[in-house]
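Input: a single structure, listed below in structure tokens.
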There are 2 protein chains.
Amino acid sequence: MVQIEPGQCFITEGETADAFFNITAGSAKLYKLMADGRRQITGFAFRGHFLGLAVSSTYAFSAEAIEPVRLCRFARARLFRLLADFPALERRLLERAATELVAAQEQMLLLGRKTARERVASFLRAQALAAPCGRPRAMVALPMRRGDIADYLGLTIETVSRTLTRLRAEGIIEIPDQTHVLLRDPARLVRAAEG
Amino acid sequence: MVQIEPGQCFITEGETADAFFNITAGSAKLYKLMADGRRQITGFAFRGHFLGLAVSSTYAFSAEAIEPVRLCRFARARLFRLLADFPALERRLLERAATELVAAQEQMLLLGRKTARERVASFLRAQALAAPCGRPRAMVALPMRRGDIADYLGLTIETVSRTLTRLRAEGIIEIPDQTHVLLRDPARLVRAAEG
DNA sequence: CGGGCACATTGACCCAGATCAATGAAACGC
DNA sequence: GCGTTTCATTGATCTGGGTCAATGTGCCCG
């Protein structure tokens, strides 16, 4: 059990993948960097997320805490022993991987084909649905910075900010503070997410 | 064992996911559609590829043959029996899923942050590496249409065409015919893929 | 309480790539 | 052999979102 403070990196792309993690609390961002500093956030991870299931010998992405993170760390060898002892775990990991693949495909559609407005609306919708608790909530927590949202949606900070402002002007959302968005008109948000 | 002709769709997004496929020959494109017809190709599938491992009850994407495809079709229940009988298969699927996740993350970086030139160069590079045979080849087969490449890279047909023309003008590639590209200067191609 | 810092918002302008519009160039049926 | 269809290429123009540049707005710490 390890505690990671906000801004601290606990997986680095390209390093030897000798461990496997399970987040038990907090939130983190997963990202890939290009040589010149361009960054793509490939996902956010919350409680229950498994990380570092690398097939290759090195990690394919980096991970950094957003809010304080607590995580269980397994050495790679120990993971394989666990998999051998508990077949149900392997099934569970396979299901998780399949779920993540579906999410990744949805994100490719977003990045490749959606407008800025559709991306931001889709993101807010997804955050509302994926929230730790069960059913979609009107109040969405955004623990990440605007720059993180931008790097997740393939946009710039300015475009994210302008788009949120426009959605607010249209009465679709409210922005009580920088880390929260209230979905005032979910139906129109869904329409904005499609086109 | 089923035979699918080019242009024929054998998985449809949203339909009940009652089967699981393994491609034994040919090539296919996997894609998601938006209501207004915008399309994102999330990947291409060749011999050996597993398809349709849906966690949810419906397929998350459609699949259509590019070249004639031969595939093994398993009913969902039969897959679960196979998984129970052959634990090695489950491990294999988990590895495949992890590999696909890594590829999906790389594609998110491409779609979110790379320029048109970098996307096309990255694509050619990846096709050279992923070719059915082992080591990277100079002659890359592109069985898909320009429109498929465009929808895979989040570009338009025109931009793909212009970018290929420019890479050829620079002496980085040759285009002997519409379905083949010869990598004349792999080192510069790699540089073009990064920035 | 007030200066400084980190982050977000807003405005003015620009450009990579989209769109619109011909023009090639294979492949096919007749 | 020769229209016809389909796909790719090329050119001209337009625009959504990027870039550059201030301007807010908390929040922390002395």
Side-chain angles (χ1 to χ4, degrees), chain A residues 5-7 29 34 36-41 64 66-67 110-124 141-170 173-181 192 195, chain B residues 5-7 29 34 36-41 64 66-67 110-124 141-170 173-181 192 195:
Chain A
E5 292 310 312
K29 54 193 176 199
M34 290 177 67
D36 60 6
R38 277 176 287 176
R39 184 178 69 156
Q40 179 64 39
I41 291 185
E64 180 184 316
I66 295 174
E67 298 169 298
L110 180 150
L111 292 170
R113 291 298 179 220
K114 290 191 180 179
T115 65
R117 180 188 170 80
E118 289 163 354
R119 293 183 199 202
V120 171
S122 298
F123 172 69
L124 293 176
L142 301 178
M144 66 293 287
R145 310 191 186 314
R146 292 291 185 266
D148 294 334
I149 298 174
D151 283 348
Y152 181 56
L153 300 180
L155 300 171
T156 59
I157 292 176
E158 293 93 325
T159 298
V160 169
S161 183
R162 275 188 256 270
T163 305
L164 285 171
T165 300
R166 193 145 45 95
L167 290 173
R168 181 180 54 188
E170 294 174 22
I173 62 172
E174 265 176 51
I175 309 177
D177 71 273
Q178 285 185 357
T179 61
H180 291 89
V181 167
Chain B
E5 293 310 311
K29 55 194 175 198
M34 289 176 67
D36 60 7
R38 277 176 287 175
R39 184 179 68 157
Q40 179 65 38
I41 290 185
E64 179 184 317
I66 295 173
E67 297 169 298
L110 180 148
L111 292 170
R113 291 298 179 220
K114 290 190 180 181
T115 65
R117 179 187 170 81
E118 289 163 354
R119 292 182 199 201
V120 171
S122 299
F123 172 68
L124 293 176
L142 301 178
M144 65 295 285
R145 311 191 185 312
R146 293 290 186 269
D148 295 335
I149 298 175
D151 284 348
Y152 181 55
L153 300 179
L155 300 171
T156 59
I157 293 177
E158 292 94 325
T159 298
V160 169
S161 182
R162 275 187 255 269
T163 306
L164 286 171
T165 300
R166 191 146 46 96
L167 290 173
R168 181 180 54 189
E170 293 173 26
I173 62 171
E174 265 176 51
I175 309 177
D177 71 90
Q178 285 184 357
T179 62
H180 291 89
V181 166

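Every chain is numbered from 1 and lettered A, B, ... according to where its sequence line falls, protein lines coming before strand lines.
- Rounded to an integer number of Å, the gap from CZ of A:Arg162 to P of D:dG16 is 14 Å.
- Atom P of nucleotide D:dA8 and atom CG of B:Leu142 are separated by 11 Å, given to the nearest angstrom.
- Looking at heavy-atom distances under 4.0 Å, B:Thr165 makes contact with sugar-phosphate atoms alone, never a base.
- Atom-to-atom, CG of B:Leu164 to P of C:dA25 comes out at 17 Å; the value is rounded to the nearest Å.
- Between A:Ile175 and the options A:Thr165, A:Leu167, A:Leu164, a side-chain contact (heavy atoms from CB on, under 4.5 Å) holds for only A:Leu164.
- When the side-chain nitrogen and oxygen atoms of B:Thr159 are compared with OP1 and OP2 of C:dA16, none of them lie within a distance under 4.0 Å.
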Close N or O pairs between protein and nucleotides 21-24 of chain D (under 3.5 Å):
none

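- Electrostatic pairing of B:Lys29 and B:Asp151 does not count as a salt bridge here, judged by no charged N lying under 4.0 Å from a carboxylate O.
- Along DNA chain D, the nucleotide nearest to B:Val160 and the one nearest to A:Gly154 differ in position, and the one closer to the 5' end is contacted by B:Val160.
- Separating the CG atom of A:Leu155 from the P atom of D:dG17 is a distance of 8 Å, rounded to the nearest angstrom.
- For the pair A:Arg145 CZ and C:dT9 C1', the computed distance is 16 Å after rounding to whole Å.
- A distance-only check finds a donor-acceptor pair linking the side chain of A:Thr163 to the backbone of A:Thr159 [under 3.5 Å].
- Between the side chain of A:Arg119 and the backbone N or O of A:Leu153 there is at least one donor-acceptor pair closer than 3.5 Å.
- Screening A:Val160, A:Leu142, A:Val181 for a side-chain contact (heavy atoms from CB on, under 4.5 Å) involving A:Phe123 leaves a single residue, A:Leu142.
- In this structure, the side chain of A:Asp148 engages the main chain of A:Arg145 through a donor-acceptor pair within 3.5 Å.
- With rounding to whole Å, B:Ile66 atom CD1 is found 15 Å from D:dC7 atom C1'.
- The interatomic distance linking B:Leu153 (CG) with C:dA18 (C1') rounds to 15 Å, in whole Å.
- Atom CD1 in B:Ile157 sits roughly 14 Å away from atom P in D:dT6 (whole-Å rounding).
- Listed pair B:Thr156 / C:dA18 meets the phosphate criterion, a side-chain N or O lying under 4.0 Å from OP1 or OP2.
- A:Arg146 contributes a side-chain N or O that, together with a main-chain N or O of A:Gln178, makes up a donor-acceptor pair within less than 3.5 Å.
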